[in-house]
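Everything below concerns the one structure shown next.
Keep in mind that the numbers below use all heavy atoms, side chains included, and drop hydrogens, waters and symmetry copies. Nothing here was measured: the structure is a model prediction, and the numbers come from that model.
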2 protein chains.
Amino acid sequence: MTVMPPPRRALWKSIAATLSDEIAQGHYTQGARLPTEAELASRFGVNRHTVRHALTDLADRGLTHSRRGAGVYVTARPTEYAIGRRVRFHQNLAASGQTASRQVLRLETRPCDPREAEALALSAGAPVHVYEGLSLADGAPLAMFRSIFPADRLPGLRAHLSETQSITQALAREGVSDYTRASTRLTAKAANPILALHLRIPDGAPVLRTVSINLDLQGRPVEYGHAWFAGDRITLTVTPE
Amino acid sequence: MTVMPPPRRALWKSIAATLSDEIAQGHYTQGARLPTEAELASRFGVNRHTVRHALTDLADRGLTHSRRGAGVYVTARPTEYAIGRRVRFHQNLAASGQTASRQVLRLETRPCDPREAEALALSAGAPVHVYEGLSLADGAPLAMFRSIFPADRLPGLRAHLSETQSITQALAREGVSDYTRASTRLTAKAANPILALHLRIPDGAPVLRTVSINLDLQGRPVEYGHAWFAGDRITLTVTPE
DNA sequence: TCTACACACTTGTCTAGTTGTATAGGAATT
DNA sequence: AATTCCTATACAACTAGACAAGTGTGTAGA
């Protein structure tokens, strides 16, 4: 318990300091759930709102994040790292000592829409595979991605993706031994609620979106990709060759 | 005070909007079965009840109907989907610094800070020129930039910049006939009030920031540049040489 | 071949718990 | 008098888990 010095510090600040301390000391480890607001309020002998004030401070400082209905969690802070123009997600992360993984959110085949048709040079309504998921570094979500593949040319791709989860490997099994990036477009966006939930960032926080097209060795488009990166967790590095 | 993002949308509304959009675009056609509630919950990262709330909305609007034990089916046909071919401001990264017009905000010489010293390979406190301004296209501010130049190697640069406003020309007059971009780092940020004012965007709106280093032909750094692009007004295109 | 049954899976419903937000007001400080 | 800090209450939004009800499929048995 902290001592109250005469020039009284605000209650919520003491509580925030205490909790922040306990997180720093490893009392609550990364990804762990804190006690509920009600429990904390009872522990510190204050109103729930006062606890909320302290928790808001922790969240603002990036120490925690909350999920309505679920609880308050200790944020796993991924170290900043760079992705080169040679775009191979896993290799880059491995180089910086982090373990990369993917979480599949969606894997299905459906007719394409006009935009996808144009990007992949397909006729309207041709079938495409949709591969959507999260890219994680040491368990913390870094980016959400969606890749669109022409299904006619790569009939078995979906099965391969569900096994390996690696795009490069899955494409290789379908006979696309290598592919190169034709273009990357970048824009800054505000996160919508769903995206914010997945990336565990506040609603409306800035997000870096990339839209890319990859070609096979014959110059035909094989992937139309979107990715949304948590703005404050990532720095993309573009290096000439 | 934290930034107030646009009116918060409930999670289930975002999900309903997303699904309704995908039906409209023909991703799920008439008679098709949607993924199960559990799958959708996993895809959107929410509880099944939240998905059900969204599905109830779709059913109320007549887009879908469900059969207990069987699944949820699409009743609506895809509406015509028109791609509005928007005019976009494409800015090539390699050719940055060639916008239509500039407005100078600051032009001064001062000792460098540690970060600048490192970027430009200078000794601590060495003098640098600071060139700060706005890039305009058709009168609308596209980006704010700040360029740092080593003052010792380019003593007359400031005078040249105040005359031409063109970085390339000013450098040429100082004997740097050409320069190449060594690296560009990109990240998404929220606009602070000053930046928002300059770019004429709402406070906290997403902004695309680039940090770059340019080298002369001998490989020595001659410019350390920052730029902040209004996220919704620009798309940066990165094309391999 | 047909039937009956088991079983996995899906939607429907219920209860309980947790965070988010709004409103109102008392007490201490400035 | 105004502001800040904290309490108090109520409700909305979402999660969590459990179970009931209905569907689709495979299988064993007659």
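Between the P atom of C/dT21 and the CG atom of A/Leu55 lies a distance of 13 Å, rounded to the nearest Å. Summarising the geometry, the separation between CG on B/Leu58 and P on C/dT11 is reported as 13 Å, rounded to the nearest angstrom. The nearest whole Å value for the distance from the CZ atom in A/Arg52 to the C1' atom in D/dT9 is 15 Å. Between the NE2 atom of A/His53 and the P atom of C/dT21 there is a distance of 14 Å, given to the nearest Å. D/dA12 atom C1' lies 13 Å from atom NZ of B/Lys13, rounded to whole Å. A straight line from CG of B/Leu34 to P of C/dT10 spans 13 Å, rounded to a whole angstrom. What separates CZ of A/Arg33 from C1' of C/dT19 is a distance of 10 Å, to the nearest Å.
In summary, the side chains of A/Thr109 and A/His129 do present a donor paired with an acceptor at a separation below 3.5 Å, with no hydrogens or angles considered. A side-chain N or O of B/Tyr28 and one of A/Glu108 form a donor-acceptor pair less than 3.5 Å apart.
Classification of B/Arg43 and B/Glu22 as a salt-bridged pair holds, one side-chain N sitting under 4.0 Å from a carboxylate O.
Ring geometry for A/Trp12 versus A/His53: interplanar angle under 30°, hence parallel rather than tilted (30 to 60°).
Phosphate proximity of C/dC9 to B/Thr36: absent, as no side-chain N or O sits under 4.0 Å from OP1 or OP2. Side-chain nitrogen and oxygen atoms of A/Trp12 include at least one within less than 4.0 Å of the OP1 or OP2 phosphate oxygen of D/dC6.
A donor-acceptor contact shorter than 3.5 Å links the side chain of A/Glu116 to the backbone of A/Asp113.
In this structure, B/Arg106 places its CZ atom where more than 12 heavy-atom neighbours from other residues, nucleotides or ligands lie under 6.0 Å away.
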How would you summarise protein contacts on nucleotides 15-25 of chain D per nucleotide, using B for base, S for sugar-phosphate only and - for none, with heavy-atom distances below 4.0 Å? BBBB--BBSS-

